[in-house]
Chemist: 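This is the structure, below, for whatever I ask next.
Because only heavy atoms are used, hydrogens play no part in the values below, and waters and symmetry mates are left out as well, while side chains stay in. Below, read A as the first sequence line, B as the second, and so on, with proteins coming before strands; counting in each chain starts at 1.
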Protein chains: 2
Amino acid sequence: MNDSYTNTQVNIANLCKAMAHPARVSIVQHLLSQPDCICGDIVDELPLSQSTVSQHLKALKKVGLIQGTVSGPKVCYCINPVAWDEFSSMITPIFNEVETKLNCC
Amino acid sequence: MNDSYTNTQVNIANLCKAMAHPARVSIVQHLLSQPDCICGDIVDELPLSQSTVSQHLKALKKVGLIQGTVSGPKVCYCINPVAWDEFSSMITPIFNEVETKLNCC
DNA sequence: TAAATTTATCGTATTTTTACGATTATGAAT
DNA sequence: ATTCATAATCGTAAAAATACGATAAATTTA
């Protein structure tokens with residue numbers, strides 16, 4: 001289809017896009033720090049409406065960084081370590097290469 | 001001003017936003033792999049117009065991930081290790097915390 | 001000086017993102 | 001069965017991102 005960019009380039013871009021809003025960064029940090037992972041708790045943490053938070057959760061879920069499990073009338077969201085490991089393995093090489101890079105100009 | 005989010009949350013979001021397009025990921029990878037760093041070479045690498053590439057370069061420069069130095073009529077772009085180190089130091093803790101995280105649901 | 005080269009900026013059109021309220025769907029509690 | 005609580009989706013409006021051609025600015029070359 002679209003071979004303008006490599007799969008890695010597209011994947012890195014999509015993962016970064018998922019983290020490209022402070023509300024979504026906040027959601028991830030909350031899921032890392034709190035044992036509970038109920039959607040309603042996340043809504044309470046953020047200065048946004050329930051529907052907007054639901055959209056942000058959907059954006060994170062779309063790229064796999066979080067996952068949601070229905071628990072009665074509630075939904076339990078949590079971190080998906082697999083996707084985070086893939087994210088890390090794609091962007092860490094860039095961090096490492098930068099380390100060895102002299103400022104050329 | 002806006003204390004809805006922490007500085008770290010906003011900074012991570014801004015850095016991720018800068019990398020949230022495959023063309024910008026490609027630019028960074030090119031600057032890491034090539035010794036030259038002339039804007040024109042980057043334009044040739046991408047399936048985008050010169051003005052669009054210029055916009056992408058501006059987005060990366062805005063958050064400090066790259067820097068441009070005028071060199072005659074040309075401009076030499078290169079990686080800015082300092083900003084990348086800050087990026088790494090902000091997002092690596094998340095990667096590390098995820099590692100210790102059991103999937104809760 | 002004039003022409004050519006390189007890159008940024010302007011103006012603009014299209015698409016995507018962000019946000020909200022209203023509604024819907026599902027399950028729990030009464 | 002009805003009401004309540006939770007969360008997704010719909011519809012929509014406003015803002016931001018993306019892309020391009022045209023133009024401008026700066027420097028080099030002829």
Side-chain angles (χ1 to χ4, degrees), chain A residues 1-2 4-5 9-10 12-28 30-31 34 36-63 65-78 104-105, chain B residues 1-2 4-5 9-10 12-28 30-31 34 36-63 65-78 104-105:
Chain A
M1 306 288 160
N2 182 356
S4 299
Y5 303 106
Q9 285 163 355
V10 172
I12 289 174
N14 284 335
L15 288 163
C16 284
K17 191 186 291 186
M19 290 293 283
H21 193 291
R24 294 194 291 270
V25 176
S26 177
I27 288 170
V28 168
H30 179 77
L31 293 182
Q34 292 297 110
D36 62 66
C37 55
I38 300 303
C39 178
D41 297 335
I42 299 166
V43 172
D44 294 342
E45 288 283 322
L46 295 171
L48 297 168
S49 72
Q50 179 266 321
S51 61
T52 302
V53 173
S54 195
Q55 279 186 162
H56 284 305
L57 289 166
K58 190 179 181 179
L60 286 167
K61 208 165 66 168
K62 185 183 167 194
V63 298
L65 290 176
I66 66 171
Q67 63 191 86
T69 306
V70 176
S71 168
K74 305 183 178 181
V75 175
C76 172
Y77 280 99
C78 58
C104 81
C105 34
Chain B
M1 301 283 166
N2 183 355
S4 299
Y5 304 105
Q9 284 163 356
V10 172
I12 290 175
N14 284 336
L15 288 163
C16 284
K17 193 187 290 188
M19 291 292 283
H21 193 291
R24 295 196 289 270
V25 176
S26 177
I27 288 170
V28 168
H30 179 77
L31 293 181
Q34 293 296 113
D36 63 64
C37 56
I38 300 302
C39 176
D41 298 335
I42 299 167
V43 172
D44 294 341
E45 288 283 322
L46 294 170
L48 296 169
S49 73
Q50 179 267 320
S51 61
T52 301
V53 173
S54 194
Q55 278 185 162
H56 284 304
L57 289 166
K58 190 178 181 180
L60 287 167
K61 206 165 67 171
K62 185 183 168 196
V63 297
L65 290 177
I66 67 172
Q67 62 191 85
T69 307
V70 175
S71 168
K74 305 184 179 181
V75 176
C76 173
Y77 280 99
C78 58
C104 81
C105 33

Chemist: Tell me, please, which residues at least two apart from B:S49 pass side-chain contact (heavy atoms from CB on, under 4.5 Å).
Modeler: B:S51, B:T52
Chemist: CE of A:M19 to CD of B:Q9: how many Å apart, nearest 0.5 Å?
Modeler: 9.5 Å
Chemist: Quick one: disulfide bond (SG atoms under 2.5 Å apart) partners of B:C37, sequence neighbours excluded?
Modeler: B:C76
Chemist: Among all residues two or more places apart in sequence or in another chain, which pass the side-chain contact (heavy atoms from CB on, under 4.5 Å) test with A:V75?
Modeler: A:V70, A:Y77
Chemist: Can you label the angle between the A:H56 ring and the A:H21 ring as parallel, tilted or perpendicular, going by 30° and 60°?
Modeler: tilted
Chemist: Of all nucleotides in DNA chain D with an atom under 4.0 Å from a non-hydrogen atom of chain A, which is the first and which the last going 5' to 3'?
Modeler: D:dT6 to D:dT9
Chemist: What residues, two or more places apart in sequence or in another chain, satisfy side-chain contact (heavy atoms from CB on, under 4.5 Å) together with A:V53?
Modeler: A:I42, A:V43, A:L46, A:L48, A:L57
Chemist: Taking side chain as C-beta onward, heavy atoms only, is A:K74 less than 4.5 Å from A:C39?
Modeler: no
Chemist: Under 4.0 Å between a side-chain N or O of B:Y77 and OP1 or OP2 of C:dA8?
Modeler: yes
Chemist: Does B:A13 have any side-chain contact (heavy atoms from CB on, under 4.5 Å) partners at least two apart in sequence or in another chain, and if so, which?
Modeler: A:P22, A:V25
Chemist: Using whole Å, report how far CD1 of A:I38 lies from C1' of C:dA28.
Modeler: 14 Å
Chemist: Below 4.0 angstrom, which residues in residues 13-25 of chain B have at least one non-hydrogen atom near DNA chain D?
Modeler: B:K17, B:H21, B:R24
Chemist: Got a sec? Which of residues 42-54 of chain A come in under 4.0 Å of DNA chain C, heavy atoms?
Modeler: A:L48, A:S49, A:S51, A:T52
Chemist: Would you kindly compare A:Q55 and B:D41 by the position of their nearest DNA chain C nucleotide and give the one closer to the 5′ end?
Modeler: B:D41
Chemist: Would you say B:I27 and B:L60 make side-chain contact, with heavy atoms under 4.5 Å?
Modeler: yes
Chemist: Between atom CG in B:L57 and atom C1' in C:dT9, what is the gap in whole Å?
Modeler: 14 Å
